[in-house]
Amino acid sequence: MTTDHETLANLLKEDRRFEPPADLAAAANVSGDAYEHAAKDPGAFWAEQAERLTWAEKWDTVLDDSNPPFFKWFTGGKLNASYNCVDRHVEAGRGDKVALHWVGEPEGDTRDITYAQLKDEVSQAANALTELGVETGDRVAIYMPMIPEAIVAMLACARIGAPHTVVFGGFSADALASRIDDCQAKVIITSDGGYRRGAPSALKPAVDEARTKTSVVEKVLVVRRTGQDLGENGWDDDVDVWWHDAVGSASTEHTPEAFDAEHPLYVMYTSGTTGKPKGILHTTGGYLVGTSYTHHAVFDLKPETDVYWCTADIGWVTGHSYIVYGPLANGATQVLYEGTPDSPERGRWWQIIEQYGVTIFYTAPTAIRSFMKQGREIPDQRDMSSLRLLGSVGEPINPEAYIWYRNTIGGDRTPVVDTWWQTETGMIMISPLPGVTAGKPGSAMTPIPGVSADVVDDDGNPVPNGSGGYLVVTAPWPSMLRTLWGDDDRYVDTYWSRFKKQGYYFAGDGAKKDSDGDIWVLGRVDDVMNVSGHRLSTTEIESALVSHPKVAEAAVVGATDPDTGQAVVAYVILRENAGDGGADIVKELSDHVRKEIGPIAKPRQIMIVPELPKTRSGKIMRRLLRDVAEKREVGDVTTLADSGIMDLISAGQATSTED
Ligand code: WTA
């Protein structure tokens with residue numbers, strides 16, 4: 001992510017425009033009149049989109065707004081998400097169509113899975129979960145690599161109405177345990193491991209460790225992926241069950257039950273501004289309507305001819321909405337890739353695009369920037385003329401990366417859709433429509449049809465064109481989060497109290513409207529960092545650091561980083577009895593964060609400092625720490641209780657080691 005300052009500067013000088021290609025515009029799924037049509041009667045518009053799905057019972061009310069901010073959508077309606085993503089395509093005669101072109105990281109390790117095969121596997125897994133004691137409403141944790149079974153597991157949970165909580169495979173045992181505990185998941189689905197950077201990387205040991213920290217888990221269903229040795233105590237006959245035994249032997253017949261539109265579909269944990277992750281709750285009907293419509297509209301998916309590929313991990317919301325639910329509800333054929341972009345060679349992604357003739361490609365700016373650094377020679381070795389549309393998500397895309405993406409990957413032909421949304425919104429909210437909107441490098445442009453968003457000032461008044469403020473959503477949307485798992489108060493407080501009077505949803509992002517009224521998202525305005533497109537909370541990492549016996553106090557900031565957007569920089573005060581902490585203190589602390597949260601939260605830099613800059617009321621002034629981390633001139637220090645501290649810190653009287 002670029003800094004606000006940089007983005008604003010770009011915005012002032014950025015006047016490039018890319019009109020939609022004529023052929024794409026002529027055949028686009030959604031045309032320009034959708035905006036007006038939706039604005040006239042949003043309820044009717046979303047009801048029309050809901051008709052794209054198969055309902056067992058039709059809804060009575062599109063939007064129940066009788067108890068804001070606890071909105072309900074399509075109440076009275078009943079449907080099954082798994083049926084909509086799988087069975088109905090088979091029933092429509094498309095059973096032989098490939099749903100997943102799965103590509104394992106080891107070369108040649110691939111599987112093509114048709115919709116008919118997917119239906120059989122999902123049915124088997126649903127039967128197996130029921131056999132393991134999972135009932136409708138029970139929570140199931142999924143901690144898996146990017147293998148087809150991960151998608152099968154999610155759909156099997158949805159099929160029996162057991163909300164899943166997928167925990168990113170890069171999270172530690174502790175992070176896994178706290179999520180399992182928070183939503184009381186009684187079954188975990190995992191695998192022995194997955195392949196990363198050419199080697200098997202274990203997952204099961206983290207599950208075993210997580211189980212020692214919580215008592216709710218009854219069964220662990222394990223996919224054999226790598227065949228790696230599980231170790232002496234790596235298998236518990238009372239708890240662990242092999243997937244190939246339980247699922248492999250189950251019947252392929254399973255009748256999906258229709259659930260209420262508001263039945264919980266999943267809980268996805270994401271970082272907030274406190275140490276405790278928030279369990280974002282999504283329900284069934286509205287979520288599926290929102291994700292399938294936006295996938296159809298923003299990616300212009302033609303299910304019969306397109307090959308779609310989203311590179312996200314299923315452990316994040318992008319994987320949920322734009323690998324699993326949106327694309328499968330639309331009957332897409334997609335690529336699913338297990339590994340890292342650079343294994344076994346740096347052009348692996350481009351090789352996959354060439355091999356499968358990928359037409360629509362969705363990735364994150366951080367990945368694009370890392371490819372830019374490697375140079376265009378690598379993608380230029382591949383024929384990527386199949387591509388017709390590119391998407392970006394996760395953080396603001398800087399114009400330079402946008403242009404490189406469009407030119408080098410998209411052959412200067414393809415539109416780039418810069419899609420703004422969040423775990424909470426469930427679906428894409430602000431984005432160009434590829435057949436309608438001229439792209440401006442760096443701008444997410446306008447809310448999609450049916451969505452109302454704005455940029456407002458402190459008092460909730462819309463800012464005029466050319467000004468900045470807070471990004472808000474001004475009307476409910478179908479795939480909105482319904483609450484935070486087990487914490488209605490925090491839900492109201494976090495999202496709905498800032499602009500209570502207006503009843504606006506507060507997204508936590510700053511944004512600016514340009515002279516045409518198009519929206520440029522600038523980044524978070526709270527203590528949430530965005531590292532490689534992953535949300536991390538400063539407070540969560542601070543708590544992790546403070547839990548180390550040598551640490552008295554810690555402050556964490558997100559500093560601008562040319563590769564990862566932001567990077568974690570930590571300032572730590574040691575306890576008196578820890579002395580100078582010892583020679584390995586920085587590594588020790590860094591490993592500790594890795595253990596507590598996971599490798600993604602590992603600080604780029606840890607500085608041992610004698611004091612932290614605080615206001616007289618004791619609040620840490622992170623702004624100043626960011627200045628030091630970014631090696632800028634330190635800003636205004638007049639509100640500091642002891643203004644000498646910043647001199648101490650910036651004069652480098654601190655142990656600073658890049659890890
Ligand atoms: C940021 C990922 C600018 C933003 C789908 C948001 C973006 C947070 C964009 C949500 C974009 C996401 N332009 N910023 N196109 N997309 N963001 O929950 O700060 O992991 O609030 O959802 O990422 O991150 P989350």
Side-chain angles (χ1 to χ4, degrees), residues 1-4 6-8 10-11 166 168 170-171 267-273 277-280 282 290-291 294-295 298 310-323 325-326 362-368 390-399 401-402 405 416-432 437 439-448 453 455 468 470-473 479-481 484 494-495 505-512 518-537 558 564-566 600:
M1 194 185 72
T2 50
T3 62
D4 296 8
E6 252 178 89
T7 314
L8 285 176
N10 287 331
L11 196 160
V166 183
F168 175 55
F171 276 122
V267 180
M268 171 95 242
Y269 285 88
T270 187
S271 295
T273 53
K278 303 180 287 197
I280 307 292
H282 282 293
T291 53
T294 47
H295 184 257
V298 174
C310 165
T311 66
D313 190 282
I314 47 129
W316 307 106
V317 75
T318 306
H320 283 52
S321 298
Y322 297 108
I323 294 178
Y325 291 106
Y362 193 28
T363 195
T366 187
I368 299 164
L390 301 175
S392 170
V393 63
E395 52 178 321
I397 179 164
N398 43 311
Y402 179 110
Y405 192 28
V416 173
V417 288
D418 175 7
T419 62
W420 177 87
W421 59 294
Q422 310 176 296
T423 305
E424 290 87 343
T425 69
M427 70 181 201
I428 294 169
M429 302 291 278
I430 303 177
S431 167
T437 322
K440 294 181 188 175
S443 171
M445 304 302 287
T446 51
I448 61 146
V455 182
Y470 304 104
L471 187 57
V472 293
V473 185
S479 65
M480 62 196 303
L481 78 167
L484 297 179
T494 308
Y495 304 107
Y505 167 85
F506 173 56
D509 279 322
K512 172 148 179 156
D518 294 323
I519 295 174
W520 298 63
V521 180
L522 304 175
R524 304 291 306 188
V525 293
D526 52 14
D527 290 331
V528 172
M529 293 170 286
N530 192 326
V531 179
S532 297
H534 299 151
R535 263 164 82 168
L536 293 171
S537 141
T564 57
Q566 284 186 308
I600 47 165

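When a ligand or atom number is given, it counts from 1 through the structure's own listing order.
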Colleague: With a cut-off of 4.0 Å, which atoms of ligand 1 are near a heavy atom of Thr423?
Modeller: 18 (O), 20 (O), 22 (O), 25 (P)
Colleague: For the atom pair CD1 (Ile448) and OG (Ser431), what is the distance rounded to the nearest 0.5 Å?
Modeller: 8.0 Å
Colleague: Determine whether the aromatic ring centres of Tyr322 and Trp421 lie less than 6.0 Å apart.
Modeller: yes
Colleague: Just go through Gly394, Gly391, Ser392 and tell me whose heavy atom is the nearest to atom 16 (N) of ligand 1.
Modeller: Gly394
Colleague: Go through ligand 1 atom by atom and flag the ones less than 4.0 Å from a non-hydrogen atom of Val521.
Modeller: 3 (C), 14 (N)
Colleague: When you measure from atom 13 (N) of ligand 1 to each heavy atom in Met529, Glu424, Glu395, Arg524, which option holds the nearest one?
Modeller: Glu395
Colleague: Heavy atoms only, cut-off 4.0 Å: how does Ile397 contact ligand 1, side chain, backbone, both, or neither?
Modeller: neither
Colleague: Under 4.0 Å, heavy-atom basis, I'd like to know which part of Thr318 is in contact with ligand 1: side chain, backbone, both or neither.
Modeller: side chain
Colleague: Output the list of atoms in ligand 1 that are nearer than 4.0 Å to some heavy atom of Thr419, sorted by atom number.
Modeller: 9 (C), 11 (C), 15 (N), 16 (N)
Colleague: Go through ligand 1 atom by atom and flag the ones less than 4.0 Å from a non-hydrogen atom of Pro396.
Modeller: 3 (C), 13 (N), 14 (N)
Colleague: From Ser537 OG over to Lys278 NZ, what is the distance, rounded to the nearest 0.5 angstrom?
Modeller: 9.0 Å
Colleague: For Trp316 and His534, take the angle between the two ring planes, folded into 0 to 90°, and tell me which bin it lands in: parallel under 30, tilted 30 to 60, perpendicular over 60.
Modeller: parallel
Colleague: So if I count the atoms of ligand 1 from 1 in the order they appear, which ones are less than 4.0 Å from some heavy atom of Asn530?
Modeller: 1 (C), 23 (O)
Colleague: So, taking the atom named NE2 in His282 and the one named CD in Glu424, what distance separates them when rounded to the nearest 0.5 Å?
Modeller: 7.5 Å
Colleague: Taking only non-hydrogen atoms of Trp316, do any sit less than 4.0 angstrom from ligand 1?
Modeller: no
Colleague: Taking the ring of Tyr495 and the ring of Tyr505, is the distance between their centroids below 6.0 Å?
Modeller: yes
Colleague: Do side-chain atoms of Asp509 reach the backbone of Tyr470 as a donor and acceptor pair under 3.5 angstrom?
Modeller: no
Colleague: Provide the number and element of each atom of ligand 1 under 4.0 Å from a heavy atom of Val393.
Modeller: 5 (C)
Colleague: Which one of Ile519, Asp509, Leu471, Val317 has a non-hydrogen atom at the shortest distance from atom 21 (O) of ligand 1?
Modeller: Asp509
Colleague: Counting only heavy atoms closer than 4.0 Å, does ligand 1 sit against the backbone of Arg535, its side chain, both, or neither?
Modeller: side chain
Colleague: Does a donor on one side chain sit under 3.5 Å from an acceptor on the other, for Thr311 and Thr363?
Modeller: yes
Colleague: Any luck finding a side-chain donor-acceptor pair between Tyr362 and Ser392 under 3.5 Å?
Modeller: no
